[in-house]
Each structure stands twice: as structure tokens, then as C-alpha cells.
There are 2 protein chains.
Amino acid sequence: MFIKIPLHISGLWYPIITNNPLTTGSIGAGINIALYLTAKLRNTEKCGILLNNEEVLKDHSRAICGKLGVNLSVDEKSPISLGYGFGLSAACLLGLSLSSLLVKNITIEKATWPAHVAEVIYNTGYGDVIAEFYGGLEIRVKPGPPGIGVVEHIYPGRKVDLIVSVLPGREDTPSMLKRIGKETYDLARKLIDELLEKPSVEEFFVKAHVFTSKIFSYDNIDKLLSPYRSKIIGYFRKKQALVLWVENEWLDEIYSYLNKYFLSFKTWIDMYGVRFENTS
Amino acid sequence: MFIKIPLHISGLWYPIITNNPLTTGSIGAGINIALYLTAKLRNTEKCGILLNNEEVLKDHSRAICGKLGVNLSVDEKSPISLGYGFGLSAACLLGLSLSSLLVKNITIEKATWPAHVAEVIYNTGYGDVIAEFYGGLEIRVKPGPPGIGVVEHIYPGRKVDLIVSVLPGREDTPSMLKRIGKETYDLARKLIDELLEKPSVEEFFVKAHVFTSKIFSYDNIDKLLSPYRSKIIGYFRKKQALVLWVENEWLDEIYSYLNKYFLSFKTWIDMYGVRFENTS
């Protein structure tokens, strides 16, 4: 049995901080893509996460094992590494946290709580756990993990052809969050309210671009995309994650072009979130 | 494009009635099975539901079309008919209500609200809409439709081989609900709390049997099942819906036996709830 968790790129967000990590989180919107982290239980005697054969998120893992009262170590694989804006830390932690279902009787939702709490405590993410759990193109309307927070979903209506690229450079989440001021979050709040009023893929891409352009530079990206600008329906970046929604006929060509510069993937919207799959 | 909605059999429930149908609903637990109602948009000029070529739930439909401010008629197919305890009315109404996504910009969750409201107003179901939307073996911890109510899920851990049968006889939901007294609902409340403490498939079947035996007779069923009793891990009925969890090696034999008496199906737990599928 392995657990499959979609990667998530947030396009709009503002944090809600309370004195309880379970009611702390983010309001926002983002897209789950059909690129997955997979997690497999390795060992029930030590605690840890091996991501692509490297031990990661040690403090987070210890916090999760402590909360669950079990020692679990998981073997995880992901096509994209930690720290680029694809919600990898949440996916890694969900892989560990949900593996507890193999040894403990709790609901699937409650098994995600330690992952959310660890993300909040270590400041690595506020909405990725609930977003990835439910999948889809989601609007987070109430902060917290599954069972406490609330997400609604945008119905895509048609096939949404995506290309995601990993841009060069790196910035960790705590320092990125520090750069965002009150004004920018006020803008996010307004855009999220508008998106809830008129939820569509088009509106999501427009608003995610408007918001993220206050935080990240688009100069080089705009230059690079200019030959294909009219074939790209929408695009935005979060940290090093670039998401493009392109015309189907141009998917292969734009993908080849981008893949010359950056690690890139052709993908689409994951509609189902976390699932448990049998290896047999 | 068509919409696929799992059928749902509630095993534990008690109603929460408020002065708002959106916060009215049931606390409880039930199982979504891999038998589906499918819905396809037929017409955007008249309002109605054609279930297996017969017009059904006319008042409900008018209420939903009114709430949505659109006229929609849908063509629906289901292997089981209305009124037997498989949450068919909710599935029918979800099919109509979710079809509005083809013509309206609202979130997927909000598109389910008119279906839940119609169920509550006409007293045909209190928890089936949210249960079917999220799928799985669910515990409803807060009443209401998706986005308002809250469900948690039991992790099955292994393949759960089910046989469902449609028992003879018929009782509509409003008159069934009338037969349930305060004592029985107090029992439900206790059993649901215990299930949340120790959520497992085994516990769900035991508790669903205990609760439903206060409402429905098991005499004939027990007699009929006696030759296979040791091969049946758990079973319960809701109205005319009988659900059996059986040992895998005995699945075919017990199915053949039951199918001689009642319309029966071999099935399993649906883990994904409502989905939108392309016909192409």
C-alpha cells in the first residue's frame, strides 16, 4: 500500500494566526496538479522521512511522531524537491502522518492534523495540507486541517492543460512570508472574495497573477514567454514554481521550449486529492 | 460529460433540526458503495429529473431549479430505484443540482446546497448529500451540505467485499423517521461518539447493526443468512437496503445465494464520492 499526494501551488493566500495551530492556517486559493509525492511505510521503529533517498524535515517528523505517539519512517518519492513552492513539505508530512493509519485507529482526517500542526509550528506552510488532501482547484474558505478547515472547489468545465516549471533560485517559506506586507494581504483578501463570487479557472489565473506579482518578479518570465504569449491562457508563479495554462494545440511546443531552460512537466488538475493505493 | 454519484447507506444517524435548512442535517455514519447514479444534462429549458426514463421528485426539482435560478433537466440512470434506503433521492437531486455547474459559475460545494435543502424541506434525507459528495465510509460530525457540514472518514485498511441486496417491502423516509423515538436517537449519539473514538470498519458494522435493529426487523434476514453466518463479517439494514461484509472466498457463493431471493450486487467501498467524467 502506498499513499499518493498531489503537489499544490498556492496562487492567493493570507494567514490567519490564532493561539491554536489547528485553527491557524490560510485563506486562499491554489491548484493541485497531477504530479504526486508517493509515500510508503518503511519501518515502525524509528521516526523519519526519506525523500528521494535523503532524510528531510527531521524536526517536523519528530513533532509528528510525538503527536501520534508512534514511530514511523516512510520512503517518499517526488519528481520535484523541497523548497520550490510546490507544497512539498506538506506532502512529505502528510505521507508520514497518514501512514499512521496503518497502525492506529483514527479517522483519515484526524491523521492529517499532526502534519498541519508541524507546518504551522515550523512556518513552512499554512494551507497546503488541506489543499492537497482534497485536491482540485481549491478555494480555502476557513483555515485549518481537514475536518476543521473548509475548502470549496472550482469546477474546471474543460481540460486544463498545464505546464509547470521549476525556476532557478531559492527562497525558504519563512523568509518569503516575511516579505509580504499588510497591503498585499489586503489585496489577497479582496481577490479571494471576488473569486468566491465568480469562481472560474480564468478568474483564478488572473487573480493569482495579480497577487503574486506583488511578491515575485515576472520580468524574466515575461521576456521568456513573449514568443508564446497569445497561446498562454494564464500563468502565475509561487516562489520557484511557475504554472502555465496553455492552449492544447501548443502544449507540446511550449513544453519543449520551456524544458530547454527549466525542469518542466506537462500536467493537469488533480481532482481527487490524497488516495491510498494498493501495490498488488 | 456526466456526473457519477455513489449510492449511500446510512448505518447510524440522528437529526439536528435548526431554523435554517443549511445547518439542518444529520450526525451519523454510513457507507458509500461502488454502485453509482449517473446524471447527464438533457435540456436547459425545462426543469426535471428523468430517472431510468421516469420523471421523479418533481417538487424537489422545482425547488432546486428555483434556488439556482435556472431550468435544467437531467437524464439519470441507477441500478437501484428510489425509496429503498440507498440514498437515491439525494443522488438524483445532486445530479440535477451539480449539472448547474455547466451553466453557472459557483463552487462545486455550493452547487450541492439546493440538493441538501430540498432533501431537508421534503423530509427525504438529512445526511445523504454530504455523504455521497465525499464518498468513503464516513462519519458525519457536523450537519449540513458540503462546505458547511463536516465528515471524517474511516480508513478501511483492506479490501472490503460487500454484497448489497434490495429487500422486499417499502417504507418512505418521512414515515420511517416518525417511528424513531428519543431513546433510539440517544443510543445513536452514544454509538457515534464511540465510533469516532475507535473508527474502524468492524466497529461501524457492529454499531450500525445495533442501532438499526431498534428500527427494522432482522428476523427473516437472520434466518436466511444462518447457513453462512460464520462467513459474514458484519451486516446491517437500512429500510430495504441490506449490506453484508463477507469473507472474500465466500463472496461469489453468498452472492449467488442471496441473488436467488433479492436483487443483489457484489460491490465495495467507493472512496472518491462525486466525480465528473468525460464521455469522450
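Letters go in sequence order (proteins before strands), and every chain restarts at 1.
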What parts of [range] touch chain A if we use heavy atoms and a cut-off under 4.5 Å?
| range | value |
| --- | --- |
| residues 19-37 of chain B | none |
| residues 134-143 of chain B | B:Tyr134, B:Ile139 |
| residues 188-206 of chain B | B:Leu196, B:Glu197, B:Lys198, B:Pro199, B:Ser200 |

### Neighbour count >12 (heavy atoms, 6.0 Å) for atom CD, A:Glu45
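Atom CD in A:Glu45 is not crowded, with 12 or fewer foreign heavy atoms closer than 6.0 Å.
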### Query
Counting only heavy atoms not in B:Lys77, do more than 12 fall under 6.0 Å of its NZ?
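More than 12 within 6.0 Å, yes.
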### Query
Looking at B:Val150, B:Ile154, B:Leu101, which makes the most heavy-atom pairs under 4.5 Å with chain A?
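Ranked by contacts with chain A, first place is B:Leu101.
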### Task
Report the distance from atom CE of B:Met271 to atom OH of A:Tyr272, rounding to the nearest 0.5 Å.
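That separation rounds to 14.0 Å.
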#### Entry: Sequence-distant partners of A:Glu152, side-chain hydrogen bond (donor to acceptor under 3.5 Å, both in side chains), two or more places apart
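If we apply the side-chain hydrogen bond (donor to acceptor under 3.5 Å, both in side chains) test to A:Glu152, skipping adjacent residues, the hits are B:Thr107, B:Lys110.
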